[in-house]
Q: 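This structure is in structure tokens; I'll ask about it shortly.
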There are 2 protein chains.
Amino acid sequence: MAMPKVRETYHHGDLESALLDAATKMVGADGAEHLSLRAVAAEVGVSPSAAYHYYQEKDSLISCVGARLFEELADFQEQALLKVPGKGARAARARFRALGRAYFEWASMEPNFFRLIFGCYCSADEVEVEVLRDNSRAWRLLQTCLEDLYRTGGLIPALRPYAEILTWSAVHGATALIIEGHLPKDSFESLLDGLERSLGIGIK
Amino acid sequence: MAMPKVRETYHHGDLESALLDAATKMVGADGAEHLSLRAVAAEVGVSPSAAYHYYQEKDSLISCVGARLFEELADFQEQALLKVPGKGARAARARFRALGRAYFEWASMEPNFFRLIFGCYCSADEVEVEVLRDNSRAWRLLQTCLEDLYRTGGLIPALRPYAEILTWSAVHGATALIIEGHLPKDSFESLLDGLERSLGIGIK
DNA sequence: GAATAATCTCTACATTGTTCAGATATGGAG
DNA sequence: CTCCATATCTGAACAATGTAGAGATTATTC
């Protein structure tokens, strides 16, 4: 564990994001369920109460970490997509795989991040479900990817209406099950194979 | 909150399972992350330390709750299967849907149960993954269901090798996403439709 | 440079998981 | 029936936690 920082100025300068950074790091290392507000404050070199000027309670801080991680996941998927340019069916298929792999790889790198954003700390209210989904960047990435596949003929037309929910559910489910040890790691590639074949993706 | 019990005998009689029962109830109501050992002991009418004769630590108790819930989920799915007898393709297809629905319904009834058994408290070691999966009752239910479908011709043969992982991943993923509010509730039926169509289940 | 606001510290409190010495009851041997 | 070993439970204690509030310290604005 890193030595708690000692600062010279009374005012920290950017305590809010310093707390967020420290909390993010510690969530990755130990899981959100073991995060201690006091430990975060100590790591930043500040008294426990100081945190309450920026976060109403410990759970608010955790939620903010979650919000940031949602963006990071989307970033990671976007980066993966950028490595697969092109407009044809072949490229569309490669993007589909890249998208799924990125999801799984991101989760595998820091399982505690994945657990946080899809666990109880970050669950959405019933009201905002529809809004949330349509505005989520990751969801839109998948949508355009499937639309590309559809246009280039790399997706069975009759399955188009189900492609999004099927893909997202399967990729998310496999990732979650593998991370918690209910499926072996190598089953993710099998899942992708199965998804492609069952959706008729990339049939030559 | 129920009044803490007061018992007359010094020895409780069946403290181990009483603690398990109380813990299970409280996990359902408040989530495993908010479970308090002291509260469980108080509910049973016993001092906090008494629990340590049966569970090494708080997390052991939680894990035991999880183990019981795994069985309950399998029971629930078995019950759902019993309502759909028959040997033909039609029955096999109905069982397939019943299995998926049971999974989702069980999780919807008590989301905190689902969160517990598929969260960090119940994750399996890497070593026991293979053993665990093959010995899991729920997994075998799905296996025989898909085998029935395959034999009766209600499943595209080329997809047979992928059917299990695809189905489990998709059903689990959709359930998890819906429970945490990332997908609307009614999308589960769409998912089942999509799964059936993409696997070629029940094509007349 | 003085008043006001923002930022941070200190102390305090209730609650938690956990430990351990000791109290209490139970079951079996004589 | 009695006594003793053993299983079972209690009580007090400890360190750590989240959080509240009063006060100290620095920044900002006029």
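Letters A, B, ... mirror the listed sequences (proteins, then strands); counts begin at 1.
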Q: Any non-hydrogen side-chain atom of Asp30(A) less than 4.5 Å from a side-chain atom of Leu35(A)?
A: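 No, side chains not in contact.
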Q: Roughly, in whole Å, what's the span from CG in Leu19(B) to P in dT8(D)?
A: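 For the pair Leu19(B) CG and dT8(D) P, the rounded distance is 13 Å.
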Q: Taking atom P of dT17(D) as reference, at what distance in whole Å does atom NE2 of His34(B) sit?
A: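 The answer, rounded to whole Å, is 17 Å.
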Q: Considering only nitrogen or oxygen atoms on both sides, find all protein atoms under 3.5 Å from nucleotides 14-17 of chain C and state each distance.
A:
unit_1	atom_1	unit_2	atom_2	d
dG17(C)	OP1	Leu37(B)	N	2.8
dG17(C)	OP1	Lys58(B)	NZ	3.3
dG17(C)	OP2	Leu37(B)	N	3.1
dG17(C)	OP2	Arg38(B)	N	3.2
dG17(C)	N7	Arg38(B)	NH1	2.5
dG17(C)	O6	Arg38(B)	NH1	2.8

Q: Looking across every strand, which nucleic acid part, if any, lies under 4.0 Å from Tyr55(A) by heavy atom: base, sugar-phosphate, or nothing?
A: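 No contact.
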Q: Is there side-chain contact between Glu33(A) and Cys120(B), with heavy atoms separated by less than 4.5 Å?
A: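 Yes, close enough: below the 4.5 Å cut-off.
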Q: Which residue is it: Phe114(B), Phe104(B), Trp106(B)? I am looking for the one with a ring-ring contact (aromatic ring centres under 6.0 Å, His included) to His172(B).
A: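 Of all the options given, the one that passes is Phe114(B).
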Q: Classify the ring geometry of Tyr103(A) against Phe118(A): parallel below 30°, tilted from 30° to 60°, perpendicular beyond 60°.
A: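 Tilted.
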Q: Can you measure His53(A) atom NE2 to dA5(C) atom P for me and round it to whole angstrom units?
A: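 So the NE2-P distance, His53(A) to dA5(C), works out to 15 Å.
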Q: Among residues 59-67 of chain B, which residues get a heavy atom nearer than 4.0 Å to DNA chain D?
A: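 None, since no heavy atom is under 4.0 Å.
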Q: May I ask you to check whether Asp21(A) and Thr24(A) show a side-chain donor-acceptor distance below 3.5 Å?
A: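 Short answer, no.
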Q: For the pair made of CG in Asp30(A) and P in dT17(D), what is the distance, rounded to whole Å?
A: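 Rounding to the nearest Å, CG of Asp30(A) and P of dT17(D) are 12 Å apart.
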Q: Figure out the CG/P separation between Leu15(A) and dA27(D), and round it to whole Å.
A: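 Going from CG in Leu15(A) over to P in dA27(D) covers 14 Å.
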Q: Is there side-chain contact between His182(B) and Ile178(B), with at least one heavy-atom pair below 4.5 Å?
A: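 Sidechains of Ile178(B) and His182(B): no contact.
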Q: In terms of side-chain heavy atoms, does Asp193(A) have a donor or acceptor partner in Ser190(A) at a distance below 3.5 Å?
A: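 No - no donor-acceptor pair under 3.5 Å links their side chains.
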Q: So that I can tick it off, tell me whether Lys25(A) and Glu43(A) are bridged by a salt bridge, with the cut-off set at under 4.0 angstrom between side-chain N and carboxylate O.
A: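 Looking at Lys25(A) together with Glu43(A), the answer is no, because their closest N to O distance does not fall below 4.0 Å.
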Q: Which angle, to the nearest 10 degrees, lies between the helix axes at the two ends of the helix from dG1(C)-dC30(D) to dG30(C)-dC1(D), each defined by five pairs?
A: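 Inter-axis angle at the termini of the helix from dG1(C)-dC30(D) to dG30(C)-dC1(D): 0°.
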Q: For Asp14(B) and dT26(C), give me the distance from atom CG to atom P, rounded to whole Å.
A: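 The distance from CG of Asp14(B) to P of dT26(C) comes to 15 Å, rounded to the nearest Å.
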Q: Can you check whether Glu196(B) reaches Tyr162(A) side chain to side chain, under 4.5 Å on heavy atoms?
A: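 No, too far: nothing below the 4.5 Å cut-off.
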Q: Show the numbers, then the answer: is there a salt bridge (charged side-chain N to carboxylate O under 4.0 Å, His left out) between Lys87(B) and Asp148(B)?
A: CA-CA 8 Å; Lys87(B) 282 188 165 286; Asp148(B) 283 358; over 6 Å; no
Q: Nearest of dT9(C), dT10(D), dC8(C) to any side-chain atom of Ser47(A)?
A: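 Of the candidates, dT9(C) comes closest.
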Q: Kindly indicate, with the supporting measurements, whether the criterion salt bridge (charged side-chain N to carboxylate O under 4.0 Å, His left out) is fulfilled by Glu147(B) and Arg140(B).
A: CA-CA 10 Å; Glu147(B) 194 55 34; Arg140(B) 280 201 307 257; over 6 Å; no
